[in-house]
2 protein chains.
Amino acid sequence: MDLELRSLRYFAAVAEELHFGRAARRLHMTQPPLSRAIRQLEADLGVALFERSPSGVALTPVGVWFYQDARALLDQADRLRAKAAAAAGAATLTVGMLSDGSDADASRLVKAFRERHPHVDVQVREADLADPTCGLRSGLVDVALTHGPFDETGISVRRLRTDPVGAVLRSDDPLADRKVLRLAELADRRWFRLPESADPLWRAFWNATTPQGPMREGPIVRTVQECLQAVLWNGTIGLAPRVGALPPGLTFVPLADAPPTTVVVAWAGSRDDPLVRSFVRVAAQTYGAGTGS
Amino acid sequence: MDLELRSLRYFAAVAEELHFGRAARRLHMTQPPLSRAIRQLEADLGVALFERSPSGVALTPVGVWFYQDARALLDQADRLRAKAAAAAGAATLTVGMLSDGSDADASRLVKAFRERHPHVDVQVREADLADPTCGLRSGLVDVALTHGPFDETGISVRRLRTDPVGAVLRSDDPLADRKVLRLAELADRRWFRLPESADPLWRAFWNATTPQGPMREGPIVRTVQECLQAVLWNGTIGLAPRVGALPPGLTFVPLADAPPTTVVVAWAGSRDDPLVRSFVRVAAQTYGAGTGS
DNA sequence: CACGCCCGATACCGCGCGGGTATCGTCCCT
DNA sequence: AGGGACGATACCCGCGCGGTATCGGGCGTG
């Protein structure tokens with residue numbers, strides 16, 4: 001109804017390409033909605049901007065100067081956004097990550113966020129296994145990309161994804177080539193343990209996932225790396241959400257009867273820093289979006 | 001996701017009012033979506049624009065210069081639209097109307113269209129009762145606001161509304177104070193007739209609505225005015241869609257068993273004049289919108 | 001000090017619009 | 001005459017925006 005920058009962006013693309021199909025590709029969309037949008041723009045203005053003939057598309061006289069003005073407007077808008085981004089640039093955003101960094105979605109996320117706020121200094125901080133909040137409460141990080149469940153008092157959380165939980169085995173383990181395992185099959189193994197100081201809900205979650213039966217307790221691990229090394233050197237079993245890349249010599253096998261974890265982005269409930277909100281927003285649409293909390 | 005003028009319009013309104021409720025009222029919307037939009041804008045930019053304290057809203061330093069730039073951008077956009085409207089201004093749009101001009105929706109429509117395209121010369125032309133297309137095919141009018149049904153070959157149509165059909169009686173008619181009538185009750189009256197030359201479907205529609213039985217044929221009428229006068233002077237009965245205002249001395253009574261008409265906007269199928277499209281678009285949203293054809 | 005009001009934030013819902021796929025019509029070029 | 005290129009049309013679906021209802025906090029007032 002009212003003039004919007006989107007319409008102008010579309011128009012500019014077509015005006016520059018003089019070809020609806022190519023323009024649509026440049027805009028990362030398909031041709032029909034683009035055609036429709038241009039017609040709507042023309043209807044809105046009450047004037048024809050393009051001369052469509054089967055032998056190509058041409059600008060009408062009105063289209064010519066309209067393009068120049070539109071281009072100027074778009075450039076000005078871009079400068080405005082850049083200026084605002086620069087103003088936010090003084091800030092530093094520290095994001096805590098529980099995952100080992102091999103998560104494809106996570107890297108896409110920080111990449112997307114960095115290119116949206118090029119001037120912001122994004123610090124990524126690997127979290128301690130004992131604290132899934134990555135020190136949110138103490139202010140150590142501004143926002144955490146982590147796994148549930150944990151104590152959420154004073155923390156806002158937005159669910160992003162649900163990951164199946166599986167076992168990390170040495171590749172030469174007799175069970176390592178199985179497609180899927182049940183907990184009972186691993187009942188006689190040694191499992192790593194979380195430190196006593198760990199978040200209660202968090203600890204309870206992983207302990208509940210531990211198979212019943214005569215279980216020999218494995219070493220206490222503090223980081224993801226330690227956990228993986230424990231598997232390699234001690235023959236313990238590691239529990240983990242679905243993992244992207246794993247160091248050589250280790251294999252991930254899904255567990256059929258282990259409750260899944262949820263990947264969440266979390267931030268201190270009191271903070272309403274726009275950068276934090278922006279990060280959450282980008283996260284929500286980088287992942288397949290989820291329902292908030 | 002991308003910066004849009006709407007966000008800037010919202011921001012500017014709040015920046016000028018320094019009060020979300022008032023700004024929302026100025027924007028013809030309610031406060032919650034406005035608050036949300038502003039927060040999203042801030043998140044998008046990664047910077048706070050307002051200082052919210054319970055004792056009022058204030059601009060942050062960033063917000064101050066952002067407002068100036070945004071204001072400039074919006075003004076430039078407005079000028080662009082005005083310029084485009086002026087370019088279309090050479091054109092004249094002739095609108096044919098079958099209704100007698102007392103239709104509230106119709107006048108709202110041309111009003112809305114005129115203020116969207118202030119430079120366009122809008123000519124309204126009352127149609128002949130014989131031709132519901134108002135001379136669309138002959139190019140007499142560019143677009144017609146009329147009633148169905150009629151021969152639609154070569155004509156594009158968009159349905160806008162459905163109107164009940166009723167009888168127009170003299171106010172001193174014994175039946176004039178009834179809430180609703182059935183056709184049979186009027187079987188012995190004289191009915192006006194359409195000229196032989198009228199559109200066949202159109203003529204058939206009104207004839208079909210005519211009550212069966214020993215019917216005395218009334219005068220042939222060519223315009224709505226003639227039709228109303230015929231009721232006044234000759235005691236004939238007029239058939240009509242729901243009418244807004246009627247001249248004094250006449251009364252409209254709905255007919256329970258007459259098939260309703262549809263109000264449509266119609267234009268020559270070959271024309272793809274942006275102004276015509278614009279008119280249709282405005283019509284569709286002025287009325288309660290309908291499904292196209 | 002409690003109660004009530006003002007105002008922005010949040011929760012949740014419904015619908016229109018923007019984007020998708022499938023298909024058509026038309027012109028051009030063999 | 002046939003096929004390919006390209007814009008237009010038809011139809012469908014999911015998301016975003018705007019709506020209503022409600023919350024929460026801060027201040028004024030009796």
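Please read these numbers as outputs of a predicted model, since none were measured by experiment. Throughout, protein chains are lettered first and strands after them, A, B, ... in sequence-line order, and every chain is numbered starting at 1.
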(request) With rounding to the nearest 0.5 Å, note down the distance linking CH2 in A/Trp202 to CZ in A/Phe150. (result)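 Rounded to the nearest 0.5 Å, the CH2-CZ separation comes to 9.0 Å.
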
(request) Report the residues that fulfil ring pair (Phe, Tyr, Trp, His ring centres under 6.0 Å) with A/Phe11, sequence neighbours left out, ordered by chain and then residue number. (result)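 So A/Phe11 forms a ring pair (Phe, Tyr, Trp, His ring centres under 6.0 Å) with A/Phe50, A/Phe66.
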
(request) Classify the side-chain pair A/Ser278/A/His117 by whether it contains a donor and acceptor separated by less than 3.5 Å. (result)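 Yes, A/His117 and A/Ser278 have a side-chain donor paired with an acceptor closer than 3.5 Å.
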
(message) Strictly by side chain to side chain donor-acceptor pair (under 3.5 Å), give each pair with a member in residues 11-25 of chain B just once, sequence neighbours left out.
(response)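 Found B/Glu16-B/Arg26, B/Glu16-B/Tyr67, B/Glu16-B/Arg71, B/Glu17-B/Arg22, B/Glu17-B/Arg26.
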
If you restrict it to nitrogen or oxygen atoms, what contacts under 3.5 Å exist between nucleotides 21-28 of chain D and the protein, and what is each distance?
none

Could you go through nucleotides 14-18 of chain C and list every protein N or O atom that sits under 3.5 Å from one of its N or O atoms, giving the distance for each pair?
residue : atom : partner : partner atom : Å
C/dG18  : O3'  : A/Arg6  : NH1          : 3.4

(request) Please list, by residue number, the residues of residues 12-24 of chain A whose heavy atoms come closer than 4.0 Å to an atom of DNA chain C; answer none if no residue qualifies. (result)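 Those residues: none at all.
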
(request) Calculate the interatomic distance between B/Leu27 atom CG and D/dG19 atom C1'; express it in whole Å. (result)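 The answer, rounded to whole Å, is 15 Å.
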
(request) Send over the distance from B/Glu4 CD to D/dG18 C1', rounded to a whole Å. (result)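 Those two atoms, CD and C1', are 17 Å apart.
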
Side-chain N or O of [X] closer than 4.0 Å to phosphate OP1/OP2 of [N]:
X: B/Arg39; N: C/dA9; value: yes
X: A/Thr30; N: C/dG19; value: no
X: A/Ser35; N: D/dG7; value: no

(request) Answer whether the closest heavy-atom distance between the side chains of A/Val265 and A/Leu160 falls below 4.5 Å. (result)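 Heavy-atom side-chain distance check passes, below 4.5 Å.
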
Donor-acceptor list for residues 31-39 of chain B side chains, cut-off 3.5 Å, not counting sequence neighbours:
residue : atom : partner  : partner atom : Å
B/Gln31 : NE2  : B/Ser35  : OG           : 3.1
B/Arg39 : NH2  : A/Asp272 : OD2          : 2.7

(message) Taking the basic N atoms (NZ, or NE/NH1/NH2) and the acidic carboxylate oxygens, is any pair closer than 4.0 Å for B/Asp2 and A/Arg6?
(response)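 Looking at B/Asp2 and A/Arg6, the cut-off is not met.
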
